[in-house]
Amino acid sequence: MPEEATLEHTPTWVVAAICTVIVAISLAVERLLHYLGKFLKHKGQNALFSALQKIKEELMLLGFISLLLTVSQGLISNICVPKMVSSRMLPCKEEAIKPSNAVGNESCPKGGEVPLLSLEALHQLHIFIFVLAVVHVVFCATTMVLGGAKIKRWKHWEVAIQNEIANSRGTETNLMHREHHTMFVQNRAGNFWRRAAVVSWTIAFLKQFYSSVSKSDYRALRAGFIMKHCRSNPKFDFHKYMMRTLEDDFKKVVGISWYLWLFVVIFLLLNVDGWHTYFWLSFLPLILLLIVGAKLEHIITKIAQDAAEGIINERERVQEGPHVRPSDDHFWFGKPGIVLYLIHFILFQNSFEIAFFFWIWTTYGFDSCIMESVPYLIPRLVMGVLIQVLCSYSTLPLYALVTQMGDMFKKSIFDEHTTESLHGWARGIKKKTKMRSQSSSLLGLTSQRKESFSSGLEIQLARMESA
């Protein structure tokens, strides 16, 4: 009986096609369960909703993909294709393929045909998906822990501000506020040449590598957030809010979304011998990370420039100094959430690089044809380490601070109990208003005012959820 073909000698289009079908089915089931949960919650079926949540915990996406691969491996391995078709787009040189018997085998008795994907190749693909998911979770957790550790160093800035507010009178507070904001403007936009786009972007690009956030930056952006969202509470713990926001974002980043699986499929498809796809794609996360870091630094500079140019009126400037004005306009397409999607992709792509390396090493050995030569291998590993360090100690802390400078605050400004209470209250008002409007319509009456209020609250809470 001939030896079964491994993934080294399996066409990349076959591997990509199988992954596409398996992942698509898994994502469809996950979305179906999600919408079913929303329907049950809307209908007040709390018991069924709790049971569904338990099922989702037990049947996570990775587990379902594993289940599908296990159940369908017999069906897939019995699909036969002409040998000529199976020799296209190979990850290793064609002459390295071990010849199979011309008569056939158990799966494909006809001569000149081979299985679309052998059981051995399916088993190796199964292992790779599991390794990828584990490495991604570990890398995300490491990034969040290291980034969070740096952000926690800013806690003494928050404590110092709180003490200054508590120990000073209103006039003294305004004076300190003006002094610190003036320092922020001078540091970020004081030089005439910094107003030039080329100069400001160059400085922003370089600053992400050293002292990415200064004390004056933190104080100014904190004051801008409080002035916009909680003016009546100058003692608002901005640092605690920022840490809660980062924890919420971690729940999103640690998952593997559909567009990340799409990237995996594209990579597996293009991993053809001689193309060096693995090497060229390793530059992508580093380039994106540098662009994101430069953009976040430039947003701080732009905020300082806007304050220096006097967007506010002269009366406010004389009394309180330059103001920091949060706005979605500072971000790409007016959407601060895009930055999180890019960081999510960067972390996943870096995880993919490292996971693929260790999987090839442990499965096929260091001399595997998929591993490529040392001159291609060393740069990939160096860039992987560089991305992990830079993202943890520079880009992630920058993200945590700068993305608060949008028009909307995030739901972590409230604790979990308060957020759930607001959602329940809004839904209750909307339901009662709908019932009253139906009964009042018989008398020609309307309750559009209450309807618009509850709908507006629901929209606001929904935007907080997606922020």
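Values in this document were obtained by computation on a predicted structure and should not be read as measured data.
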Assess whether side chain to side chain contact (heavy atoms under 4.5 Å, CB included) is satisfied between Val264 and Leu260, documenting all intermediate values. CA-CA 6 Å; Val264 172; Leu260 300 180; 5.9 Å; no
Could you go step by step and tell me if Leu401 and Leu221 meet the side chain to side chain contact (heavy atoms under 4.5 Å, CB included) rule? CA-CA 8 Å; Leu401 177 63; Leu221 299 186; 3.7 Å; yes
What's the verdict on side chain to side chain donor-acceptor pair (under 3.5 Å) for Asp217 and Ser214, showing C-alpha distance, side-chain angles and the deciding distance? CA-CA 5 Å; Asp217 296 338; Ser214 65; 3.0 Å; yes
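Ring geometry for Phe357 against Trp361 counts as tilted: the plane angle lies between 30° and 60°, on a 0 to 90° scale. In this pair, Phe236 and Tyr241 present their aromatic rings tilted. The plane angle is within the 30 to 60° band.
Take Val21 and apply the side chain to side chain contact (heavy atoms under 4.5 Å, CB included) test, not counting sequence neighbours, and it matches Ile25. In this structure, Asn350 has no side chain to side chain donor-acceptor pair (under 3.5 Å) partners at least two apart in sequence or on a different chain. The side chain to side chain contact (heavy atoms under 4.5 Å, CB included) test applied to His123 returns Ile127, not counting sequence neighbours. Not a single salt bridge (charged side-chain N to carboxylate O under 4.0 Å, His left out) links Lys207 to another residue, sequence neighbours left out. Take Asp329 and apply the salt bridge (charged side-chain N to carboxylate O under 4.0 Å, His left out) test, not counting sequence neighbours, and it matches no residue. Applying the side chain to side chain donor-acceptor pair (under 3.5 Å) rule to Gln388 yields the partners Thr143; only residues at least two apart in sequence or on another chain are considered. In this view, Trp201 and His298 satisfy the side chain to side chain donor-acceptor pair (under 3.5 Å) rule, not counting sequence neighbours. Evaluation of the side chain to side chain donor-acceptor pair (under 3.5 Å) rule for Lys235 yields no partner, not counting sequence neighbours. The side chain to side chain contact (heavy atoms under 4.5 Å, CB included) check on Ile151 picks up Trp154, His239, Met242, Met243, Leu246, Pro397, Ala400, with sequence neighbours excluded.
Counting heavy atoms from C-beta on, the side chains of Glu297 and Phe205 never come closer than 4.5 Å. Taking 4.5 Å as the limit, some side-chain heavy atom of Ile161 sits within range of a side-chain heavy atom of Tyr218. No side-chain heavy atom of Phe128 sits under 4.5 Å from any side-chain heavy atom of Val15. Contact check for Phe225 versus Val324: no side-chain heavy atoms found under the 4.5 Å cut-off. Taking 4.5 Å as the limit, some side-chain heavy atom of Val198 sits within range of a side-chain heavy atom of Thr202. Side-chain contact check for Trp261 versus Ile129: some heavy-atom pair is nearer than 4.5 Å. Using a 4.5 Å heavy-atom threshold, the side chains of Val339 and Tyr399 count as touching.
Under the 3.5 Å distance criterion, the side-chain polar atoms of Thr362 are matched with a main-chain donor or acceptor of Trp359. Not one N or O on the side chain of Thr403 forms a donor-acceptor pair closer than 3.5 Å with the backbone of Pro336. A donor-acceptor pair is defined here as one N or O able to donate and one able to accept, closer than 3.5 Å; no such pair exists between the side chain of Ser394 and the backbone of Cys391.
In this structure, the separation between CG on Leu390 and CD1 on Ile346 is 9.5 Å, given to the nearest 0.5 Å. Cys140 SG to Asp249 CG: the interatomic distance, rounded to the nearest 0.5 Å, is 12.0 Å. With values rounded to the nearest 0.5 angstrom, Ile300 atom CD1 is found 5.5 Å from Leu398 atom CG. The distance from atom CG of Leu377 to atom CG of Leu381, rounded to the nearest 0.5 Å, is 4.5 Å.
Within the structure, salt bridge (charged side-chain N to carboxylate O under 4.0 Å, His left out) contacts touching residues 379-400 (residues at least two apart or in different chains) are Glu372-Arg380. Screening residues 331-349 for side-chain hydrogen bond (donor to acceptor under 3.5 Å, both in side chains) gives Tyr259-His344, Gln349-Glu353 as the qualifying pairs, with residues at least two apart or on separate chains.
At a threshold of 4.0 Å, the pair Asp306-Lys302 counts as salt-bridged, since one of the basic side-chain nitrogens sits closer than that to a carboxylate oxygen. The pair Glu158-Arg222 meets the salt-bridge criterion, with a side-chain N (NZ, NE, NH1 or NH2) lying under 4.0 Å from an Asp/Glu carboxylate O.
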Please tabulate, one pair per line, all N/O donor-acceptor pairs under 3.5 Å involving side-chain atoms of residues 279-296, not counting sequence neighbours.
| from | atom 1 | to | atom 2 | distance (Å) |
| --- | --- | --- | --- | --- |
| Ser282 | OG | Phe279 | O | 2.4 |
| Lys295 | NZ | His330 | O | 3.2 |

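Heavy atoms only, all atoms of each residue included: Gly384 and Ile354 are closest at CA-CD1, 4.5 Å. Here the closest heavy-atom approach between residue Ser327 and residue Asp407 is recorded as CA-OD1, 3.3 Å. Of all heavy-atom pairs between Leu132 and Ala355, the closest is CA-CB, 3.9 Å. Closest approach of Val135 to Ser351, counting heavy atoms only: CG1-O, 3.7 Å. The two residues Pro326 and Gly406 come nearest to each other via the heavy atoms CB-O, 3.6 Å.
Enclosure of atom NZ in Lys152 is not indicated, since only 12 or fewer non-hydrogen atoms of other residues, nucleotides or ligands lie within 6.0 angstrom.
Among Phe263, Phe352, Phe348, Phe130, the one residue that satisfies the ring pair (Phe, Tyr, Trp, His ring centres under 6.0 Å) test with His136 is Phe348.
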